[in-house]
Asker: 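Quick one: the structure is below, and I'll ask about it shortly.
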Amino acid sequence: MTTRPLWDKGQAALDAAAQAFCAGDDVVLDRQLMLHDIRASVAHVHGLERIGLIDAAEAAALTRGLADLAEAWRAGEFVLDDRFEDCHSAIEWYLSERLGDAGRKVHTGRSRNDQILVAMRLWLKDALAGLRARCLDCADACLLRAESTQDVALPGYTHLQRAVPSSLAALLAGHAEAFLDDAETARATAITLDSSPLGTAAGYGVNLPLDRDGVARELGFSRVQVSPIYAQNSRGKLELLAVQTLHQALLDVRRLAWDLSLFSTAEFAFVRLPDAYTTGSSIMPNKRNPDVVELLRAAPAVTEGAMSELSSLLSLPSGYHRDLQATKAPVLRAFDRGLAGLALVPALVHTLELDRARMAAAIDCELYATDRAVELARAGLPFRDAYRQAAAEMHDLKDRSPATSLAARVSLGGPGNLGLDRLRARLDALR
């Protein structure tokens, strides 16, 4: 049996189909937000006690009741199902059933509007911390493999054409630095949304001296989101920023996945994907398919869809609108899929099998033409003349070796001076 809505004044004529449409899949989505909403409710109770809206005994009973609910939730003894509109109504119902009038006081000074804002804000802080940690794990995996493969020659490509001698370590260092940037971006985004909206109610404050600063501190926010109107207007905006941050990381996952897709083909055969990251064909007994890598390539599609959904909702005038309920699903979906994909990358990088001989054999004499042009320029020939001479000589550069070419490229970041220590120091500082 469905519980009565929080907004029911005792005479609501409810249409089941309309209520189901309005509720959407909130109850299912709110299963990810339940513990965050409970945590915010505990802080709100403490704030109400500090301003004398509830007494010490009521606050203790409510805090104990919320702790019991959290424990029951973790144990699977309390579930969000179609009895409830959302996690907010479930919490209030639970406390009211157990504590009577004290339970019915928990909503004082709150709206479901600022309840969902703070629950989602807490969830996003955790999600961004998870994103940052996964990006650092990816960077670490790429750095570790780069540190052990500095002597592994690999053609460097432009336009998908072999261009110059390079190394596997140089390629992995590029991916590592990208993931370090992604970790920095996640940290910056977390700072932007590290503000507590609790106490803004439905967007216009309440006629109570709510201890918003104290509640924000208890919840671990660095500051309060001051304007109640902006608290509502920021819904969707900050979610979009978080998804855009995730998207940046997944674009780097896509590029890495593309490299592995190419280099693991029979035409390249530079690397072999671990069996755990491949699947078989349902019809062709000879096939091992790089499904995990291909789905990692597809991961940004989920964030792109989420960004489109969120952007389309941000065309509203100031204040709360029920449209904003639709911001929840794309954010949760994008982070669920994106963080799961990022978590697979470190082990994939660690367990790649390398064909070093095939990589080195792909570096033919023509690839040393740039080295030759720079050598001539270094000897005093104008570079454009050196360029032409090297082009004429490039088929005769057969006495060159990848090792000599790599060692000579000593400008910072080049294969002979990768700067891995600098990347490692940056990673350590971000941990």
Side-chain angles (χ1 to χ4, degrees), residues 24-26 28-37 86-87 113 115-139 178-197 221 225 230-257 295-316 320-345 430:
D25 52 1
D26 255 20
V28 174
L29 297 172
D30 282 3
R31 292 168 188 168
Q32 294 193 56
L33 304 177
M34 183 71 168
L35 292 176
H36 297 88
D37 201 11
D86 47 37
C87 59
N113 295 12
Q115 273 190 268
I116 186 55
L117 278 171
V118 73
M120 198 69 197
R121 200 71 56 84
L122 291 168
W123 186 93
L124 283 170
K125 286 181 66 177
D126 286 349
L128 287 166
L131 173 59
R132 183 167 176 266
R134 282 167 175 76
C135 289
L136 292 175
D137 288 343
C138 292
F179 286 122
L180 291 175
D181 279 355
D182 296 330
E184 292 268 27
T185 303
R187 181 170 66 176
T189 299
I191 292 171
T192 299
L193 57 80
D194 190 18
S195 59
S196 173
F221 288 104
Q225 193 169 21
Y230 178 57
Q232 293 304 319
N233 292 351
S234 67
R235 187 174 181 188
K237 173 186 174 181
L238 295 183
E239 284 85 344
L240 177 59
L241 179 61
V243 174
Q244 288 170 332
T245 302
L246 172 63
H247 184 62
Q248 291 298 308
L250 293 180
L251 289 176
D252 289 323
V253 170
R254 173 185 278 170
R255 192 182 299 273
L256 173 60
L295 289 172
L296 287 174
R297 276 198 328 232
V302 180
T303 48
E304 286 167 10
M307 290 188 297
S308 179
E309 286 186 67
L310 291 166
S311 296
S312 70
L313 291 164
L314 297 180
S315 58
L316 299 166
Y320 175 75
H321 307 270
R322 190 66 182 260
D323 313 49
L324 295 172
Q325 176 180 310
T327 62
K328 193 186 301 181
V331 177
L332 299 178
R333 182 175 65 248
F335 271 92
D336 284 350
R337 186 66 176 174
L339 293 181
L342 279 159
L344 294 173
V345 171
L430 287 169

Asker: Is there a side chain to side chain contact (heavy atoms under 4.5 Å, CB included) between Asp182 and Arg132 once you walk through the steps?
Answerer: CA-CA 7 Å; Asp182 296 330; Arg132 183 167 176 266; over 6 Å; no
Asker: Using the side-chain contact (heavy atoms from CB on, under 4.5 Å) definition, which of the options Met34, Gln115, Arg31 pairs with Cys87?
Answerer: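 In the set Met34, Gln115, Arg31, the residue that makes a side-chain contact (heavy atoms from CB on, under 4.5 Å) with Cys87 is Met34.
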Asker: Tell me, do Cys135 and Leu180 make a side-chain contact under 4.5 Å, heavy atoms counted?
Answerer: no
Asker: Using a strict 4.0 Å threshold on nitrogen-to-oxygen distance, state whether Glu309 and Arg333 make a salt bridge.
Answerer: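 Yes.
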Asker: If you round to the nearest 0.5 Å, how far is CG of Leu238 from CG of Leu310?
Answerer: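 If I round to the nearest 0.5 Å, the distance is 11.0 Å.
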Asker: Under 3.5 Å, is there a donor-acceptor pair between the Gln325 and Arg322 side chains?
Answerer: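 Short answer, yes.
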Asker: For Ala329 versus Leu29, what's the shortest heavy-atom pair and its separation?
Answerer: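 Nearest pair, atom of Ala329 first, then Leu29: CB-CD1, 3.7 Å.
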Asker: Sub-3.5 Å donor-acceptor pair from the side chain of Thr185 to the main-chain atoms of Asp181, do we have one?
Answerer: yes
Asker: Kindly give the heavy-atom pair with the smallest separation between Ala301 and Arg254, and that separation in Å.
Answerer: N-NH2, 4.0 Å
Asker: Between CG of Leu256 and CG of Leu251, what distance do you get to the nearest 0.5 Å?
Answerer: 13.0 Å
Asker: Would you say the side-chain atoms of Thr189 pair up with the backbone N or O of Ala186, donor to acceptor, closer than 3.5 Å?
Answerer: no
Asker: Between Val243 and Phe335, is there a side-chain heavy-atom distance shorter than 4.5 Å?
Answerer: yes
Asker: Of all heavy-atom pairs between Val302 and Ala334, which one has the smallest distance, and what is that distance?
Answerer: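 In terms of heavy atoms, the two residues are closest at CG1-CA, 3.8 Å.
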Asker: Would you check if Leu124 and Val331 make a side-chain contact, meaning some heavy-atom pair closer than 4.5 Å?
Answerer: yes
Asker: Could you check whether any side-chain heavy atom of Arg121 comes within less than 4.5 Å of a side-chain heavy atom of Ser234, counting everything from C-beta outward?
Answerer: yes
Asker: Going from CG on Leu246 to CG on Leu342, what distance comes out if it is rounded to the nearest 0.5 angstrom?
Answerer: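 If we round to the nearest 0.5 Å, Leu246:CG and Leu342:CG are 7.0 Å apart.
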Asker: Hey, does the side chain of Glu239 reach the backbone of Gly236 with a donor-acceptor pair shorter than 3.5 angstrom?
Answerer: yes
Asker: Might you point out which heavy atoms bring Lys237 and Tyr230 nearest each other, and give the distance in Å?
Answerer: NZ-OH, 3.2 Å
Asker: Gln232 versus Leu117: any side-chain heavy-atom pair under 4.5 Å?
Answerer: yes
Asker: Could you tell me the separation between the OG atom of Ser308 and the CG atom of Leu240, rounded to the nearest 0.5 Å?
Answerer: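 Here the interatomic distance stands at 10.0 Å.
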Asker: Quick one: CG on Leu324 to CD1 on Ile116, what's the gap to the nearest 0.5 Å?
Answerer: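 Leu324 CG to Ile116 CD1: 11.0 Å, rounded to 0.5 Å.
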Asker: Answer yes or no: is there a side-chain heavy-atom contact under 4.5 Å between Leu250 and Arg337?
Answerer: no
Asker: Do the numbers put Lys125 on top of the ring of Phe221, so that NZ or CZ is under 6.0 Å from the six-membered ring centre and no more than 45° off the axis?
Answerer: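 The answer is yes, since Lys125 meets both limits relative to Phe221.
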Asker: Distance-only, no hydrogens or angles: does the Arg134 side chain make a donor-acceptor pair with backbone N or O of Ala183 under 3.5 Å?
Answerer: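 No; judged by distance alone, with no hydrogens or angles, the pair does not exist.
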Asker: Any heavy-atom pair between the side chains of Leu241 and Thr192 that's under 4.5 Å?
Answerer: yes
Asker: Does Arg297 form a side chain to side chain contact (heavy atoms under 4.5 Å, CB included) with Val253? I'd like the steps, not just the answer.
Answerer: CA-CA 7 Å; Arg297 276 198 328 232; Val253 170; over 6 Å; no
Asker: Give a yes or no on whether a salt bridge exists between Asp30 and Lys328, defined as a side-chain N under 4.0 angstrom from a carboxylate O.
Answerer: yes
Asker: Is the closest side-chain heavy-atom distance between Leu128 and Leu193 below 4.5 Å?
Answerer: yes
Asker: Measuring from Arg235:CZ to Leu313:CG, what's the distance to the nearest 0.5 Å?
Answerer: 10.0 Å
